[in-house]
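We name chains A, B, ... by the order of the sequence lines, and we start the count at 1 in each one.
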Amino acid sequence: METNPPTLAALIACPECDVLHVRKVLKDSEAAHCVRCGAKLYSKRRNDIQQALALSLAGLVFFVMMVTFPFLGISSSGAERNIGLVKSIGELYLTQSPLLAILVGLLLVVFPLIKVLGLIAILIPLQISNRIPGTDIYFKLVERIAPWNMTEIYLVGVIVTFVKLTSIADVNYGIAFWAFIGFVVVMTAAMNAINFTSLWDRLEVGEINDFHEK
Amino acid sequence: MISTALEEGLISCHACSLVANQEFRRCDRCGSILHKRKPTSLGSTWAYLLTAAGLYIPAMLLPVSTVNTLGLSETSTLMGSIISFAQSDAIPVAVVIFVASIVVPIFKILGLGYLLVSVQRGSKRGVLQRAKLYRFIEFVGRWSMVDVFVVALLVSLVQLGVFASIEPGPGIIAFAGVVVLTIFASNAFDPRLIWDAPNDGE
Ligand SMILES: [Zn+2]
Ligand SMILES: [Zn+2]
């Protein structure tokens with residue numbers, strides 16, 4: 001199989017409208033946008049990988065706290081109840097609604113875990129060297145689940161639930177709730193620090209850098 | 001003069017954005033199968049969208065939750081829970097749930113339907129506006145999930161036995177289905193189709 005001529009590596013098509021652009025060398029903190037529709041094409045940020053990796057590792061710590069500590073507590077006329085995120089989903093599965101439990105479990109536990117582990121698996125090899133076989137699988141996995149990122153929406157749901165319950169019971173936040181907020185913040189920052197197109201370009205560092213040097 | 005990858009006989013990898021010649025079947029860099037456009041984009045988007053629209057009716061009519069308090073049980077629909085928030089002076093919360101559960105899904109279904117019809121008719125009008133509409137639909141769609149999370153949380157929190165219990169109703173399952181299907185629908189849609197309409201130098 002023949003390989004692409006190097007000039008093709010200098011081109012990028014807008015993912016939203018397909019217009020071809022010739023790649024430019026960006027300055028630090030610069031991003032290239034599509035001339036026709038304005039979609040973001042690629043970006044450059046110094047230390048993006050170190051930053052995103054540090055944030056993802058913090059995200060992993062928050063995730064572990066999120067699934068181990070109590071999430072919310074509720075007390076009413078002497079009766080008290082603390083629930084953890086995983087336990088509450090497990091109970092929902094067993095007693096009330098398996099379908100709802102599966103959906104919530106995927107959105108709040110499984111996908112966030114895939115996201116944080118996937119990012120770490122992408123970033124560590126990139127930090128050490130540029131070519132590690134298998135990295136592209138994690139890339140595709142993390143991009144595949146991106147539309148299902150619902151963690152910040154869940155926080156709004158928690159607030160609504162609080163408002164609904166304050167009239168009938170006392171509700172208090174557990175450690176896992178604060179860890180959940182921490183997780184949302186660091187993972188958002190991690191995703192903002194990196195640009196997937198630019199990370200892909202680093203995997204094939206040879207071709208594209210050769211072009212930029214010219 | 002701008003030209004697209006398609007016009008130049010090129011193809012852009014949907015996963016890693018590497019540009020290749022159209023005779024390539026797989027991406028050189030990441031191994032993904034190359035498509036000029038998302039395959040069966042229009043058909044799949046229609047299928048998800050119509051199923052979502054159909055499911056929205058039971059989602060609105062069936063109870064989303066049943067509250068059992070001291071032998072009394074009370075069921076409420078999505079609209080009913082919004083009204084009860086408004087009546088208990090939690091107006092901001094009522095607005096959030098109303099927007100997330102009523103406005104956003106309807107807007108998303110109608111908006112994607114409009115994009116599909118305009119692409120199929122080869123419309124050249126308001127292309128940039130339609131591209132922005134698609135971007136906006138993708139951004140707001142997820143927020144509809146709020147009420148699903150509220151019901152799931154209420155069910156697991158309020159299990160105080162003697163005091164009260166809350167059970168999820170079939171309405172919330174249907175509603176969750178609507179949200180999931182509209183996300184599938186907007187993922188299946190290929191925004192590049194908006195721009196593909198034959199351009200005769202207008
Ligand atoms: Zn564009
Ligand atoms: Zn590729």
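Counting heavy-atom pairs closer than 4.5 Å to chain B, the top residue among K87(A), E143(A), K140(A), H21(A) is K140(A). By number of non-hydrogen pairs under 4.5 angstrom with chain B, the leading residue of L100(A), V171(A), L92(A), I83(A) is L100(A).
Closest of all the heavy-atom pairs between D18(A) and L6(B) is OD2-N, 3.2 Å. Contact between P15(A) and P191(B) at its shortest, heavy atoms only, is O-CG, 4.5 Å. Across all non-hydrogen atoms, the minimal contact from V104(A) to A152(B) is CG2-CB, 3.8 Å.
For chain A, the nearby part of E8(B) is the side chain; its heavy atoms alone come within less than 4.5 Å. For a residue to count as touching a neighbouring chain, one of its non-hydrogen atoms must lie under 4.5 Å from one of that chain's; by this rule L103(A) touches chain B with the side chain only. Residue contact with chain B, scored on non-hydrogen atoms closer than 4.5 Å, involves the backbone and the side chain of A39(A) alike. With a 4.5 angstrom heavy-atom cutoff, I137(A) does not touch chain B via any of its atoms. With a 4.5 angstrom heavy-atom cutoff, L108(A) touches chain B only via side-chain atoms.
The SG atom of C37(A) lies 9.5 Å from the CD1 atom of I194(B); values are rounded to the nearest 0.5 Å.
Residues of residues 144-162 of chain A lying under 4.5 angstrom from chain B, judged on non-hydrogen atoms, are P147(A), W148(A), N149(A), M150(A), E152(A), I153(A), Y154(A), V156(A), G157(A), V158(A), V160(A), T161(A) in numerical order. Residues of residues 95-103 of chain B having a heavy atom under 4.5 Å from any heavy atom of chain A, listed by number: V96(B), I97(B). Identified by a heavy-atom distance below 4.5 Å to chain A, the contributing residues of residues 35-49 of chain B are R37(B), in residue-number order.
Scored by the side chain to side chain contact (heavy atoms under 4.5 Å, CB included) test, K164(A) finds S81(B), F85(B), L154(B) as partners (sequence neighbours excluded).
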